[in-house]
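These figures come from a predicted structure and were not determined experimentally. Throughout, numbering of the chain's residues begins at 1 and tracks the sequence.
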Amino acid sequence: MLTQRISQIKPSPTLAIDAKAKSMLAQGIDIVNFGIGEPDFETPENIKEAAIKAIRDGFTRYTPAGGVLALKEAIVEKFKRDNDLNYRPEEIIVSCGGKHALYNLFQVLFEKGDEVIVPSPYWVSYPPMVMLAEAAPVIVPTPEANGFKLTPEVLRAHITPRTKGLILNSPSNPTGSVYTRSELAALAEVILDHKLFVVSDDIYEKILFDGLEFFNLAQLDPELKKLVFVLNGVSKTYAMTGWRIGYLAGDARVIKAVTNLQSQSTSNPCSIAQKAALEAINGPQDAVAAMVQEFAWRRDDILTRVARIPGLKCVKPGGAFYVFPNFSYYYNKIKPDGQGSYSDPLADFLLEEAHVALVAGIGFGEDACLRFSYATSRERIATGLARIEAALQKLG
């Protein structure tokens, strides 16, 4: 009864582990949940109030399918202010979350016979969304020793006559890796040589540590900007995951096609959430700085605790709110037969034995690692790492 394309798609592993953890919590089991990738902070009050005002003002009707003009204009100003990028409102679409914007873009940009380069580790939804567009995701491993970042030599080696696009995510989910301007400039030479479309997933743009500066490929060259589609949203920056507002910027012809597709599927994003997003982008940014400061403390704390556990090693993330330690030291202890995934059974072991939820690295294309989201309290981080250390000791 099911189509071939949907039969290839598995549930999101991050949402699956979160559901399992919440099920155990409902049974009265104390679970430390490092699984889900959403800030644990409250949405700032000024943003909540903007939504309440929208309801009271009766802003509860349909809006244009691609979002209200005022929000598009605010996004245009945001790109100019923060990234020195010039867009017009017709080069912007607002969608029901960043994932929705990416899905629509892939449907418009890619088709059967196309190849899309996806550096690994990757966000779990990239390959399935490429496959749903009937294109082929080409998974390109990036070495831990290089901070899990793609190099121009490796990129060039994986380009074929069928290669149409490249997905880049910086800061990265799951690794927290951040591309520097010079690293992007080196990739840009290859991209321009082959006229590749680039999907720049900037959803963690504001969550940067150690004085790092954010750059994306569209900022580097006007010719490159024509090939780049910039994805962003309010979910991670403003603790607005449930509000479901993402946005996309790029070539006006493509954005129009994405808008047409959206008009025939979901229609407009929530009117009330659009008003909240407008306040988030235009309003005070103090809450963002406070969240980033707390995330930086947690990152340093969790790295210190991970380093104390024998056999674990971890690349220091420059942004986002994830660490991606290498657990391979324990793999022959958890699964001596050497068949299939190692990270899956280890994640299951830690959930059952330590009551700690982590996401197996295999879902991100890197089986040697497991992902921690440290979007949880300092106390829960300390408790979770102590439980993990005790559970691993039992493996010998």
Side-chain angles (χ1 to χ4, degrees), residues 14 33-48 50 74-75 77-85 97-98 123 147-149 168-181 184 200-216 219 230-243 245-247 276-306 314-324 371-382 384:
T14 52
N33 192 349
F34 291 128
I36 197 68
E38 65 175 346
D40 57 314
F41 304 102
E42 281 290 319
T43 302
E45 287 300 318
N46 62 305
I47 298 172
K48 292 180 183 178
I75 292 166
E77 286 303 310
K78 178 261 176 241
F79 277 120
K80 179 63 178 174
R81 177 180 68 242
D82 294 349
N83 312 112
D84 196 27
L85 285 171
W123 179 46
F148 295 117
K149 289 189 273 190
L168 278 184
N169 176 212
S170 174
S172 161
N173 174 8
T175 67
S177 298
V178 179
Y179 283 88
T180 65
R181 185 185 185 98
L184 291 174
S200 181
D201 184 347
D202 299 357
I203 199 75
Y204 297 97
E205 171 194 2
K206 296 292 186 181
I207 307 173
L208 289 169
F209 313 128
D210 306 325
L212 291 176
E213 192 173 353
F214 175 80
F215 294 101
N216 71 29
Q219 296 171 262
V230 180
L231 181 282
N232 213 319
V234 297
S235 59
K236 313 297 184 180
T237 301
Y238 302 101
M240 293 177 68
T241 51
W243 298 79
I245 295 291
Y247 54 87
L278 180 62
E279 173 62 22
I281 293 169
N282 283 347
Q285 303 296 302
D286 311 50
V288 178
M291 284 190 278
V292 172
Q293 184 177 21
E294 176 61 19
F295 280 140
W297 190 97
R298 295 176 188 178
R299 179 206 60 170
D300 292 343
D301 182 57
I302 201 169
L303 284 174
T304 299
R305 295 177 187 278
V306 165
C314 187
V315 171
K316 185 178 183 180
F321 39 75
Y322 308 105
V323 291
F324 201 53
R371 191 195 76 173
F372 292 71
S373 166
Y374 51 87
T376 189
S377 71
R378 299 182 181 193
E379 294 76 16
R380 298 304 277 171
I381 289 171

Where the side chain of [X] meets the backbone of [Y], is there a donor-acceptor pair that is under 3.5 Å apart?
X	Y	answer
Lys236	Pro39	no
Thr43	Ala239	yes
Arg181	Phe215	no
Ser177	Gly147	yes
Asn232	Val234	no

Legend entry - Listed partners of Ser373 passing side-chain hydrogen bond (donor to acceptor under 3.5 Å, both in side chains), at least two apart: none
Inset, instruction - Output all residues satisfying side-chain hydrogen bond (donor to acceptor under 3.5 Å, both in side chains) with Arg378, sequence neighbours left out; order by chain, then residue number. - result: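 With sequence neighbours excluded, Arg378 shows a side-chain hydrogen bond (donor to acceptor under 3.5 Å, both in side chains) to Glu294, given in chain and number order.
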To the nearest 0.5 Å, how far apart are [atom1] in [X] and [atom2] in [Y]?
X	Y	atom1	atom2	answer
Asn216	Asp201	CG	CG	11.0 Å
Thr175	Lys316	OG1	NZ	14.5 Å
Lys149	Ser172	NZ	OG	10.5 Å
Asn83	Ser200	CG	OG	9.5 Å
Ile207	Asn173	CD1	CG	10.5 Å
Trp297	Ile302	CH2	CD1	10.5 Å

Partner set under salt bridge (charged side-chain N to carboxylate O under 4.0 Å, His left out) for [X], not counting sequence neighbours:
X	value
Lys78	Asp82, Glu205
Asp40	Arg298
Glu45	Lys48
Asp300	none

Do [X] and [Y] touch side chain to side chain, with heavy atoms closer than 4.5 Å?
X	Y	answer
Asn33	Thr376	no
Leu303	Pro317	yes
Gln219	Leu184	no
Ile281	Tyr247	yes
Phe214	Asp202	yes
Asp301	Tyr374	no

Indicate the atoms forming the closest heavy-atom contact of [X] with [Y], along with that distance.
X	Y	value
Met240	Ala276	CE-CB, 3.9 Å
Tyr179	Asn169	CE1-O, 4.5 Å
Arg371	Gly37	NH2-N, 3.8 Å
Gly318	Arg299	CA-NH1, 4.5 Å
Gly319	Val178	N-CG2, 3.7 Å
Pro171	Leu208	CG-CD2, 3.6 Å

Inset, instruction - Answer yes or no: are there more than 12 heavy-atom neighbours, outside Gln285 itself, under 6.0 Å from its atom CD? - result: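 Result for CD/Gln285: enclosed.
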Inset, instruction - For this output row, return yes or no: ring centroids of Phe295 and Tyr204 closer than 6.0 angstrom. - result: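 Distance test on ring centres: not under 6.0 Å, no.
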